[in-house]
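Worksheet for the structure shown next.
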Amino acid sequence: GIKDDTETSISKDLREISFVLERRVESRNQKIEFRNLPYGKYSIYVGNKKTGEFTSDSEVTKIGFPIHRKNTQITIRLSRP
């Protein structure tokens, strides 16, 4: 889940979301559900490395994140509206 004692950053226009995922179970793939993201194509960064992309349709978007350490920085950026 999202680590409690770290800063979560969400830009006002929702073009960038940044948070730290904490691995709380043995599974190395954590899923998070996002709602009402603006329509567009988003890039996913784990640490500073781009690991994937997804398209939001402004409804519900579920994303799996590969988590290999106890705490992992995740950033999601709108790459194309």
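Worth saying up front: this structure is predicted, and the values here are computed from it rather than measured. When reading the values below, keep in mind they use all heavy atoms of this one structure, side chains included, and skip hydrogens, waters and symmetry mates.
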Closest heavy-atom contact between [X] and [Y]?
| X | Y | value |
| --- | --- | --- |
| Q73 | F19 | NE2-O, 3.4 Å |
| N36 | L14 | O-CD1, 3.9 Å |
| D13 | P38 | O-CG, 3.9 Å |
| K31 | G64 | CG-CA, 4.0 Å |

Self-check item: Whether over 12 other heavy atoms sit under 6.0 Å from D57 CG
Solution: yes

Quiz item: Can any side-chain N or O of T72 pair as donor or acceptor with the backbone N or O of L21 at less than 3.5 Å?
Solution: no

Practice problem: Using modelled atom types only, decide if a donor and an acceptor are shared between the side chain of S11 and the backbone of E16 within a distance under 3.5 Å. | Solution: yes

Check for me, please, whether [X] and [Y] land in the same ILVMFWY cluster - side-chain distances under 4.5 Å, paths through other members count.
| X | Y | answer |
| --- | --- | --- |
| I76 | V60 | no |
| F34 | Y45 | no |
| I10 | Y39 | no |

Exercise. Could you check if a side-chain atom of Y42 sits within less than 4.5 angstrom of a side-chain atom of I63, using non-hydrogen atoms only?
Key: no

Exercise. Could you tell me whether the side chain of L37 reaches within less than 4.5 Å of the side chain of F54, counting heavy atoms only?
Key: yes

Inter-residue atom distance [X].[atom1] - [Y].[atom2], 0.5 Å rounding:
| X | Y | atom1 | atom2 | value |
| --- | --- | --- | --- | --- |
| R15 | R77 | CZ | CZ | 12.5 Å |
| N48 | T75 | CG | OG1 | 8.0 Å |
| K62 | I32 | NZ | CD1 | 12.5 Å |

